[in-house]
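Chain A is the first sequence line, chain B the second, and so forth, proteins listed ahead of strands; every chain is numbered from 1.
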Amino acid sequence: MFERIQELLSPVVLAAIWAACKAIIILLTLVVSAAWMIWLERRLLALWQDRYGPNRVGPFGLGQVIADMIKIFFKEDWMPPFVDKFTFVLAPFLAMMFMMLAFALIPITPNWGVFAPDLGMLLFFAIAGLAVYAVMLGGWSSNSKYSLLGGLRSTAQTISYEVFMGISLMGIVAQAGTFNLREIVLWQEQHIWFVIPQFFGFLVWCLAGIAVTHRTPFDLPEAESELAAGYHTEYSGMKFGMFFVGEYVGIVMVSGLTTALFFGGWDGPFSEHVPFLWFAIKCFIFMSGFILLRAALPRPRYDHMMSFAWKICLPLSLINLLATAGIMLWAGN
Amino acid sequence: MADGAPLTLPETVRDLFARFGENVFTLQTTADGMPTLWLPADRVAEVLRFLKNDIARPYKMLYDLTAIDERLRKHRAGQPPSDFTVVYQLLSIGRNTDIRLKVALLGEYPSLKTIVPIYANANWYEREVWDMFGIVFDGHPHLRRILLPPSWVGHPLRKEYNARATEFDPYQLDALRQDQEQEALRFQPEDWGMSRGTRDHDFMFLNLGPNHPSAHGAFRIVLQLDGEEVVDCVPDIGYHHRGAEKMGERQSWHTYIPYTDRIDYLGGVMNNLPYVMALEKLAGIKVPARVETIRVMLCEFFRITSHLLFYGTFAQDVGAMSPVFYMFVDRQKAYDVIEGITGFRMHPAWFRIGGLAHDLPIGWELKVREFLDWMPKRMDEYRRACLQNAILISRCRDVAAYDTAAALEWGVTGPGLRATGCDFDLRKARPYSGYDNFEFEVPVGAKGDVYERALMREEEIRQSLRIIEQCLNNMPSGPYKADHALTTPPPKERTLKDIETLITHFLGVSWGPVMPAGETSQMIEATKGLNSYYLTSDANTMSYRTRIRTPSFPHLQQIPSAIRGQMVPDLIAYIASIDFVMADVDR
């Protein structure tokens with residue numbers, strides 16, 4: 001009996017269990033920080049808008065998130081009679097799932113990270129491409145005109161932004177010589193943060209990253225003042241909650257990815273002792289940036305948005321890739 | 001009638017007499033001195049065409065179209081016999097004058113030929129007159145109810161229609177009736193001559209409102225969409241109708257003042273101004289200079305608060321989240337001053353016939369000064385943060401643009417008219433309440449698009465600050481009430497010294513003042529455009545007919561003509577730039 005257990009707990013199995021534990025810890029941290037980000041956003045917006053924001057529940061109103069979660073869990077899970085039931089339920093699951101799945105690719109510290117496949121970046125593109133289905137299906141299955149318009153907008157937006165999102169990162173792939181995100185971070189540790197050699201790639205990536213999360217100024221699918229709430233007009237209760245938290249998970253994910261791709265991941269002074277601290281600080285700065293954008297910018301019209309994508313961002317990312325390749329060839333010779 | 005006939009005939013009346021002969025018209029004198037002519041129903045189209053197209057400096061704008069139920073009116077000396085009178089009021093920018101044309105109609109449910117082919121904006125006005133009086137306009141393209149639901153029975157502004165809820169059976173809304181009412185509101189494109197699709201694809205009919213974040217109140221607009229392009233649209237109003245005109249017929253002249261506050265509910269006391277000034281003309285009251293200056297100062301405060309709300313919500317409608325919060329903070333600061341002076345914030349109802357409710361409080365200068373020191377630097381910040389934002393400009397430039405001719409055709413006034421390059425601000429063109437004593441500029445645009453309409457209001461806030469500053473520096477001393485028997489409440493000083501004054505005072509306070517018979521009106525440059533009250537007195541304690549001409553009503557009527565072929569986000573920006581409140585539309 002004892003031997004059998006010992007046999008089962010061979011180093012390989014132990015490593016697998018430990019990896020699973022790590023994955024769960026990362027998942028929980030991600031969800032908690034996404035939920036906590038709702039509080040952060042409300043407080044920061046309030047700060048910038050001369051208001052208080054939630055400050056009653058717990059210290060600094062930190063308990064607000066818990067209170068909101070309890071409320072939304074116990075809310076009646078009402079479904080309008082006219083919706084396409086299966087797709088209607090599926091959409092919010094997809095919204096949250098894809099964003100979490102993409103986070104699995106992000107190398108957090110030298111030892112932490114769920115999954116680092118060799119084609120990690122391509123996998124990320126695939127997931128980001130799928131994520132639009134959540135919004136599209138949500139908009140379509142609601143069987144409401146506002147939702148449909150929101151769904152259409154998000155599709156149009158994705159078609160324009162997917163294209164150059166990939167190209168904007170190809171400069172990194174060319175320089176680091178790998179699609180593996182962990183190796184990209186390691187390359188930056190040895191050489192230089194990609195934000196400097198790939199500055200134009202970074203600019204374009206920022207736009208694409210915001211577009212992936214549907215945040216201001218790319219919040220056209222839900223454009224509150226135009227489409228009431230766009231694709232999630234008909235959602236309530238926890239299903240709405242999943243769209244909502246999914247959005248914040250997306251923000252954390254894109255911030256983490258930006259950190260890993262352009263800002264050296266965990267790299268920083270004393271990073272051998274506190275790698276996670278550096279990762280967290282960098283993420284926090286980008287997350288706050290998302291909120292600042294929301295506080296500061298109006299919403300462009302979606303055809304302006306699309307022509308901007310095709311006429312400016314796409315050529316810019318192509319030129320960036322060509323220039324990177326040219327310089328590498330010249331330096332290689 | 002006894003209220004001061006003009007000695008010489010106005011130019012327009014001479015032109016009309018020269019063209020059609022004197023016998024066609026009957027001249028009526030009114031307390032407001034506006035040329036008022038009666039003419040036979042069959043000559044209306046001809047005369048209107050002449051005034052609009054053939055005369056020099058023409059009357060391009062149909063300013064108002066309304067009716068009076070004359071059946072119970074006693075004091076009508078010199079006027080042709082009439083059961084229902086339809087009143088047309090035209091405005092000429094070139095002549096800077098108005099003319100009022102009246103048509104006498106006989107019978108219980110009379111009819112008249114429509115004038116929609118001449119003035120496009122007569123469409124809604126004629127629907128309103130039909131809705132309220134039951135007067136039929138022959139040849140009208142869509143003569144259906146506008147302010148009341150389609151299922152309504154009766155025409156409320158007719159004299160036989162009761163005003164009080166207690167005079168009706170209790171209202172009941174059971175499930176069946178609720179379904180019927182809802183079904184009656186269902187939009188049928190065919191009713192409006194719209195097709196449901198082309199050969200290749202269907203249009204989407206999107207019901208925007210009456211409950212929508214950007215509809216600014218209970219306003220519904222049904223869009224015919226091709227993708228996100230607005231092919232056509234039908235605005236639907238009346239969800240905020242509260243019968244303000246009917247209430248004028250059962251409130252005393254004095255107790256009606258608080259109702260006016262709630263017409264343009266962002267305009268506060270500025271709504272009182274045309275009402276009390278019209279009555280002062282009728283009663284022959286000349287108010288002291290101090291009263292005029294205080295009135296101007298408060299009106300400008302309300303212009304600022306109204307424009308600030310516009311500014312913030314406009315930014316919000318084009319997707320900017322923060323400005324509205326800053327502007328509400330500033331609005332509160334303005335309301336603090338207003339509250340300090342009047343004791344109330346949004347609806348002070350502070351002006352009185354012949355004066356004000358009370359004098360300025362001690363220390364008012366400090367509060368006003370504090371606001372004047374605070375506001376200008378905030379305005380500079382807003383311009384940088386909001387109006388100069390590239391995304392905002394790209395959303396607003398060349399969107400829903402119209403020219404001066406279109407603006408006049410649709411009866412557009414206020415910043416919406418000035419943005420087209422037409423320099424017409426009533427405070428300059430026809431100064432009232434002492435506006436000629438102030439130095440200020442009138443911002444004028446050129447393109448008439450959404451962006452310029454916003455720009456006009458932004459600049460008007462600065463000009464209002466200038467006016468308030470001049471009020472502060474040059475506030476005249478003197479009484480806050482005119483010394484006149486019809487001033488309400490009347491001066492009380494001598495009441496305990498002689499019995500006649502006491503009796504007059506007692507009646508004036510208990511019944512309310514009895515206004516001499518006659519007709520009067522006053523037009524002002526309100527926050528949203530030209531607002532006027534046209535009051536008919538039958539020598540009673542109450543008005544015989546109260547007509548409130550509000551600027552927002554024609555502004556909404558114009559929407560389809562300005563937005564066709566543009567997109568849904570443009571429509572949202574356009575609706576924001578109109579700056580309307582539904583109470584100002586539906587009354």
Side-chain angles (χ1 to χ4, degrees), chain A residues 41-42 44-53 139-140 143-157 207 210 214-230 233 290-308 311-312, chain B residues 203-209 211-216 222-223 225 227-229 312-330 332-333 378 384-399 450 454 566-576:
Chain A
E41 165 152 55
R42 292 177 65 184
L44 279 182
L45 282 179
L47 179 73
W48 290 322
Q49 291 168 349
D50 294 348
R51 303 183 285 128
Y52 288 116
W140 174 79
N143 214 351
S144 141
K145 292 171 182 172
Y146 285 105
S147 304
L148 182 64
L149 285 176
L152 289 177
R153 281 184 179 192
S154 93
T155 316
Q157 185 174 307
L207 291 175
I210 302 165
H214 303 300
R215 291 279 301 186
T216 314
F218 295 78
D219 60 344
L220 301 153
E222 48 189 300
E224 200 248 343
S225 60
E226 293 157 27
L227 302 181
T233 307
F290 272 98
I291 300 169
L292 183 59
L293 278 183
R294 178 162 180 212
L297 290 184
R299 181 186 310 114
R301 217 170 70 182
Y302 85 93
D303 58 325
H304 291 169
M305 200 92 237
M306 285 172 67
S307 59
F308 182 75
K311 290 178 187 159
I312 295 175
Chain B
F203 295 124
M204 180 198 268
F205 289 91
L206 186 69
N207 207 359
L208 201 114
N211 208 333
H212 185 277
S214 301
H216 293 250
V222 183
L223 308 174
L225 293 180
E228 280 214 24
E229 187 192 318
T313 53
F314 164 74
Q316 194 168 40
D317 284 348
V318 295
M321 189 191 180
S322 298
V324 72
F325 292 102
Y326 305 135
M327 286 154 194
F328 264 69
V329 170
D330 297 336
Q332 289 309 316
K333 292 197 188 289
R378 299 282 282 191
R384 280 200 306 277
C386 191
L387 281 184
Q388 292 178 350
N389 181 299
I391 299 178
L392 185 133
I393 292 174
S394 77
R395 280 292 302 275
C396 300
R397 265 285 171 217
D398 300 319
V399 170
V450 168
Q566 300 186 53
M567 297 169 79
V568 175
D570 296 335
L571 174 82
I572 302 298
Y574 173 39
I575 286 181

What's the separation between atom CD1 in B:Ile391 and atom NE2 in A:His304, rounded to the nearest 0.5 Å?
11.0 Å
To the nearest 0.5 Å, atom CZ of B:Phe328 lies from atom CG of A:Asp50 at 14.0 Å
With sequence neighbours excluded, tell me which residues meet side-chain hydrogen bond (donor to acceptor under 3.5 Å, both in side chains) with B:Tyr574.
B:Gln558
B:Arg395 to A:Arg301 - nearest heavy-atom pair and separation:
CD-N, 3.4 Å
pair B:Met204-A:Leu148: side-chain heavy atoms closer than 4.5 Å
yes
Using side-chain heavy atoms (C-beta onward) and a distance below 4.5 Å, is B:Pro569 in contact with A:Arg153?
yes
Could you tell me which portion of B:Asn211 (side chain, backbone, both or neither) has an atom closer than 4.5 angstrom to a non-hydrogen atom of chain A?
neither
Nearest heavy-atom pair of B:Glu228 and A:Leu149: which atoms, and what distance?
CG-CD2, 4.0 Å
Taking every non-hydrogen atom, the tightest pair across B:Val318 and A:Pro298
O-CB, 3.5 Å
With B:Ser322, which residues qualify under side-chain hydrogen bond (donor to acceptor under 3.5 Å, both in side chains), at least two apart?
A:Gln49
Which portion of B:Ile575 sits near chain A, non-hydrogen atoms under 4.5 angstrom:
neither
